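Report on one structure; see the data block that follows.
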Amino acid sequence: MILPANSDLLKVRHWTFAYDEESSPIIDHVSFGIAEQDAVLLLGPSGSGKSTLAYCMNGLYPEAVDGQASGTIQLQGREISSYSRSEISSRVGMVFQDPESQFCMVTVEDELAFGLENIAVPPAEMDARMERVLNWTGLTEYKKSRLHQLSGGMKQKLALACVLAMEPKLLILDEPTANLDPLSTREFVRLIDRLRKSRSLTLLIIEHKLDEWMAVANRALAIDRRGKLVYQGGVRDFFHRHEEWNREEGLWIPTAYTMGVDWRAKGIYAGSQNPLTEQDLLAGVQEPIRGLADLQAALRFPDSGCEGDLAASGSATTRSHSHREQLHTKPPVMTLNRLSYSRKDKPILQELSLEVYPGELLAIVGPNGAGKTTLSHALAGILSGPSEGEVRLYGRPLPTWSERELRRQVGLVFQNPEHQFVTASVYEEVALGLRIQGKPEREISERVEETLRVFRLAELAAENPFTLSQGQKRRLSVASMLADEQSLLVLDEPTFGQDAYTAGQLMSLLVQLKEGGKAVVMITHDMELVRQYADRVMVLIAGQLRFAGSPFQLWDSSSELLDEARLLPPMSVSVWKKLGENANPIDREGLPHVIAEH
């Protein structure tokens, strides 16, 4: 069926969905259309039902969960319930929040072939499709690899490759870049945009962090915490008209937009519309820049939406350096001495030596597959298999600690939150560590209730952890560890899937922990979090430690290191550098080092 250009590919009318008859609707009387070749952002706070709505749009719900639904969803003019699964798969592709949930085979090649076989693609065409999508996603060399050997980011790319191989008309992306390093994120978004234009793809993008998508999306849909549609229309108009609602609901706002609003008030930005991209922002800066005073005012870092923005122009580097000097006068909580680890003769960690100090937040960054998650397991004492070198906790070799002692001192938030759930309710998951410590029941109750309130999980206290949304699961995994108050807390992508409010609450709690003398290690791809919160940052590439220093020293590193680590400076730093290039030589002498000539 050939549709006229820009006609509705998918229509949703008065759609309501609940998980059972007695519960409140997750999606409540939602109506909208998605036109062919649209690129639509589906926005809303964490837990608002965005993923649930996506599952309804690709025909998985209500059948897969025995849910209750009313209203209609039409794909190319037909009720979606009238399609067979193979018909839907060839028309609507979806990359899930948790890529592992859509895998069912052992190797990359078999996973790709499985979907193509289900829609009866001829063998001669199958190989060509597989080679094409592996090349697009940078996975060609991993064609024969087993899935369990892939990093989280590689699994995300494979999930996309499997969907693209089906050549769908509508591509639904649910937090598609959450596990990707910064450069891979940019490449992913640009790939999707190229495919949209060259293959007439229609996109529905569920995403919290918006900066890279602003140059792609042309429309926005927004739903609130009650599952009601509050907006449909242009992207720029949404942020202009609903800025206050965004902040109340705790949504992320594009960095360029936030900086543009601030700079317009200071008379620095003069664009006709508030910017959505870095290019928009730079284009609207009044020329010429009027000397050092105006430039320094322009380069004040914006508030990203997270509570507790610790960095400010000109003072962050000095404060961080002073803080590091003070930290290093104390004995480290944990020490790694020439730690090496291999898996099936493949080096994963190579002679790593580092210290983690009390009262610091240490960020670990690097490309997908660098060994960051393996390092987190080493720090938490759960690294399986033989290794070389030594790990010491408070000066004692890790093997000399009993499991009970170790768990009281070190907490780990896994990359996949489901890997750490062991109880049948949200309440008991948070209470478990406190019970192991022998805390009084009254104290347990008070601390659990306060923790659930802070993480917006109080209404879900009786729910099974495995029934939560991915964003809620992540909040629970972090909450259960924060309640235990260990001396060292290791977090693998802690803000994955979180809206601005919950990410801000989380980071504020981590700051409180480090200010209370705890050590926090955070593995992240979010360079804005690194800029705002990290005292030190370490770059891991191919299992080797390639950099250790302050965030600003990292941004000032050679472009070769940043490229190899697949890192991009946060937008605030990128703009800082680019505007600094326009300052005259005299002005440059007074600029912070990060934008001075090397």
Side-chain angles (χ1 to χ4, degrees), residues 2-13 30-44 48 50-51 53-54 57-58 73-76 91-95 160 163-164 167-177 185-223 229-243 245-246 249 251-261 271-284 571:
I2 305 299
L3 295 178
N6 297 319
S7 65
D8 278 344
L9 178 69
L10 185 134
K11 289 183 179 180
V12 179
R13 292 292 178 265
V30 166
S31 296
F32 61 88
I34 297 178
E36 191 176 20
Q37 298 185 46
D38 262 348
V40 182
L41 280 171
L42 178 55
L43 304 171
S48 59
K50 301 184 296 298
S51 296
L53 179 57
M57 292 164 62
N58 81 341
I73 298 179
Q74 292 185 338
L75 175 66
Q76 293 184 308
R91 290 169 171 81
V92 181
M94 182 170 177
V95 178
L160 173 65
V163 170
L164 291 177
E167 299 184 349
K169 292 292 293 180
L170 172 62
L171 179 59
I172 301 175
L173 302 166
D174 193 353
E175 297 278 353
T177 64
T185 293
R186 177 166 292 179
E187 291 171 350
F188 179 98
V189 173
R190 291 177 177 176
L191 167 63
I192 293 297
D193 194 34
R194 289 197 303 271
L195 293 174
R196 178 177 72 93
K197 295 170 181 175
S198 65
R199 307 187 72 84
S200 300
L201 265 178
T202 302
L203 304 178
L204 179 75
I205 306 146
I206 301 172
E207 185 66 271
H208 285 295
K209 306 303 284 292
L210 304 174
D211 289 346
E212 293 293 342
W213 293 105
M214 287 298 95
V216 177
N218 67 310
R219 294 187 61 234
L221 302 169
I223 55 179
L229 187 71
V230 297
Y231 178 85
Q232 58 176 316
V235 173
R236 191 181 302 275
D237 187 53
F238 169 71
F239 291 107
H240 178 69
R241 290 173 52 189
H242 292 269
E243 185 175 349
W245 180 85
N246 282 335
E249 290 287 314
L251 272 64
W252 294 99
I253 297 173
T255 304
Y257 187 96
T258 303
M259 294 176 73
V261 170
S272 59
Q273 296 177 308
N274 286 333
L276 294 181
T277 67
E278 180 179 320
Q279 290 73 21
D280 292 344
L281 181 66
L282 290 169
M571 186 182 297

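When reading the values below, keep in mind they use all heavy atoms of this one structure, side chains included, and skip hydrogens, waters and symmetry mates. Computed from a predicted structure; not experimentally measured.
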K50 side chain vs G44 backbone, donor-acceptor pair below 3.5 Å: yes
N-O pairing of R190 and D193 below 4.0 Å: no
Distance-minimising heavy-atom pair for V163 and P168: O-CD, 3.3 Å
Side-chain donor or acceptor of D211 paired with backbone N/O of T255 under 3.5 Å: yes
Residues which pass side chain to side chain contact (heavy atoms under 4.5 Å, CB included) with D280, listed by chain and number, not counting sequence neighbours: R236, P275, L276, T277
Note: E36-K169 ion pair, threshold 4.0 Å (strictly below): yes
Contacts of type side chain to side chain contact (heavy atoms under 4.5 Å, CB included), residue A54, not counting sequence neighbours: M94, I172, I206
Contact check, side chains of K197 and V216, non-hydrogen atoms, under 4.5 Å: no
With sequence neighbours excluded, residues passing side-chain hydrogen bond (donor to acceptor under 3.5 Å, both in side chains) with N218: D38
Given W245, F239, F238, the one that forms ring pair (Phe, Tyr, Trp, His ring centres under 6.0 Å) with Y231: F238
Residue pair H240 / Y257: nearest heavy atoms and the distance that separates them: CA-OH, 3.3 Å
Under 3.5 Å: donor-acceptor pair, side chain of R91, backbone of L170: no
side-chain contact (heavy atoms from CB on, under 4.5 Å) assessment of T177 paired with E212: CA-CA 10 Å; T177 64; E212 293 293 342; over 6 Å; no
Side chain to side chain contact (heavy atoms under 4.5 Å, CB included), paired with L171, selected from I205, L204, T202, L201: L201
Contacts of type side chain to side chain contact (heavy atoms under 4.5 Å, CB included), residue Q74, not counting sequence neighbours: K11, E79
Residues forming a ring-ring contact (aromatic ring centres under 6.0 Å, His included) with F188, sequence neighbours excluded: none
For Q232, all residues meeting side chain to side chain contact (heavy atoms under 4.5 Å, CB included), sequence neighbours excluded: F32, R219, L221, L229
Worked verdict on R199 versus L164 for side-chain contact (heavy atoms from CB on, under 4.5 Å): CA-CA 11 Å; R199 307 187 72 84; L164 291 177; over 6 Å; no
